[in-house]
Amino acid sequence: MKIKEVIIVEGKDDEARIKACVEAQVITTHGYGISERTFAQIEKAYELVGIIIFTDPDTVGKRLRKTLSKRFPLAKHAYIQQDEGRDGKDIGVENASCEVIRRALEKVHTPSENKEEYSMMDLVHYGLVGPGSKARRLALGKALVMDTSSAKITLDRLNHFGIQREKVEEI
């Protein structure tokens, strides 16, 4: 599988894992403290071929994804679930199987201009908030191949990527 965009990951182990699974160019941020030189590399890739943000499904990864998304609003996003990237207490892209990584890259999400507008009341209606909602959000996240770890993140992702209501209802 060949990826035309440049994949942005956190660390060298993530880069090695991605390159073992797909043919792609990768830029490593070396965690949350991205240097200006690295930002310049990402900017160039963003303008020339596009980027896919593929960070770990942990707190640092989510914070880094948010920072990169603000600076590169048209970036594509690839996700894995925590259980797909877990090795003991360590959670990261480097622990995911090639099958999981390929699926995430086949199902990248692109910010949408035609956004559905979901509200927190919609999430309540779909059972994505309240008792038992965590399991339903995780099932939705697995089906959509995106982060739905909290109600707030789920709401943001559904709106940001313009996920159709029919798709949510089907899942």
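Computed over heavy atoms, backbone and side chain alike; hydrogens, waters and symmetry mates excluded.
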Check step by step if side chain to side chain contact (heavy atoms under 4.5 Å, CB included) holds for L48 and K44.
CA-CA 6 Å; L48 293 175; K44 187 173 182 179; 3.7 Å; yes

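Rounding to the nearest 0.5 Å gives a distance of 6.5 Å between CG of L158 and CD1 of I163. Between the CG atom in L68 and the CZ atom in F39 there is a gap of 6.0 Å [rounded to 0.5 Å]. To the nearest 0.5 Å, the span separating CD1 on I42 from OG1 on T29 amounts to 6.5 Å. Here the straight-line distance linking atom NZ of K134 with atom OG1 of T154 works out to 11.5 Å at 0.5 Å rounding. Rounded to the nearest 0.5 angstrom, L140 CG and S133 OG are separated by 11.5 Å. Taken to the nearest 0.5 Å, the OG1 atom of T38 stands 9.5 Å off from the CD1 atom of I8.
In this structure, E99 places its CD atom where only 12 or fewer heavy-atom neighbours from other residues, nucleotides or ligands lie under 6.0 Å away. Heavy-atom contacts from other residues, nucleotides or ligands closer than 6.0 Å to NZ of K142 number more than 12. Heavy atoms of other residues, nucleotides or ligands lying less than 6.0 angstrom from CD of Q25 number 12 at most.
Residues E43 and E47 form a side-chain contact, since some pair of their non-hydrogen atoms from C-beta on lies under 4.5 Å apart. Taking the side chain as every heavy atom from C-beta outward, M120 and L155 approach each other to under 4.5 Å. The shortest distance between side-chain heavy atoms of Y46 and P73 falls below 4.5 Å. K66 places a side-chain heavy atom less than 4.5 Å from the side chain of K70.
Side-chain polar atoms of S149 and K62 form a donor-acceptor pair below 3.5 angstrom.
D122 places a side-chain N or O within 3.5 Å of a backbone atom of S119 that can act as its donor or acceptor partner. Judged by distance alone, the side chain of E5 and the main-chain N or O of A45 form no donor-acceptor pair under 3.5 Å. Between the side chain of D14 and the backbone N or O of G11 there is at least one donor-acceptor pair closer than 3.5 Å. With hydrogens and angles disregarded, no donor-acceptor distance shorter than 3.5 Å links the side chain of D87 to the backbone of D90. With hydrogens and angles disregarded, no donor-acceptor distance shorter than 3.5 Å links the side chain of Y126 to the backbone of R137. Distance alone, capped at 3.5 Å, is enough to place a donor-acceptor pair between the Q82 side chain and the P57 backbone. Checked by atom type and distance alone, the side chain of R136 pairs as donor or acceptor with a backbone atom of G127 at under 3.5 Å.
The ring of F54 has its center no closer than 6.0 angstrom to the ring center of H77.
The side-chain contact (heavy atoms from CB on, under 4.5 Å) test with E10 is passed by exactly one of V93, T28, V60: V60. The residue from H109, R157, E84 that alone fulfils the side chain to side chain donor-acceptor pair (under 3.5 Å) condition with Y79 is R157.
In the hydrophobic cluster analysis, where Ile, Leu, Val, Met, Phe, Trp and Tyr join through side-chain heavy atoms closer than 4.5 angstrom, V6 is grouped apart from M1. Linking ILVMFWY residues whenever their side-chain heavy atoms come closer than 4.5 Å, directly or via other members, leaves L105 and I53 in distinct clusters. In the hydrophobic clustering of this structure, F161 groups with L128; members are Ile, Leu, Val, Met, Phe, Trp, Tyr whose side-chain heavy atoms approach within less than 4.5 Å, directly or through other members. A single hydrophobic cluster is seen to contain both L64 and I27, as judged by linkage of ILVMFWY side chains at heavy-atom distances under 4.5 Å, directly or through other members. Residues I52 and V9 are members of one and the same hydrophobic cluster, defined by side-chain heavy-atom contacts under 4.5 angstrom among Ile, Leu, Val, Met, Phe, Trp and Tyr.
Taking the charged nitrogens against the carboxylate oxygens, K19 and E15 do have a contact shorter than 4.0 Å, which makes a salt bridge. Between E117 and R165 there is no salt bridge, since no side-chain N of the basic residue sits under 4.0 Å from a carboxylate O of the acidic one. With respect to R102 and E23, no salt bridge is recorded, no charged nitrogen being found less than 4.0 Å from a carboxylate O. Electrostatic pairing of R65 and D56 does not count as a salt bridge here, judged by no charged N lying under 4.0 Å from a carboxylate O.
The nearest pair of heavy atoms linking I7 to A24 is CD1-CB, 3.8 Å. When all heavy atoms of C98 and A20 are compared, the pair lying nearest together is SG-O, 4.1 Å. Taking both residues in full, the closest heavy atoms of V145 and A104 are given as CG1-CA, 3.8 Å, listed atom of the first, atom of the second, then distance. For the residue pair V168 and Y118, the shortest heavy atom distance occurs at CG2-OH, 3.5 Å. Minimum heavy-atom separation, G85 to I80: CA-CD1, 3.9 Å. Annotation for A78 and V108: closest pair CB-CG1, 4.1 Å, computed over non-hydrogen atoms.
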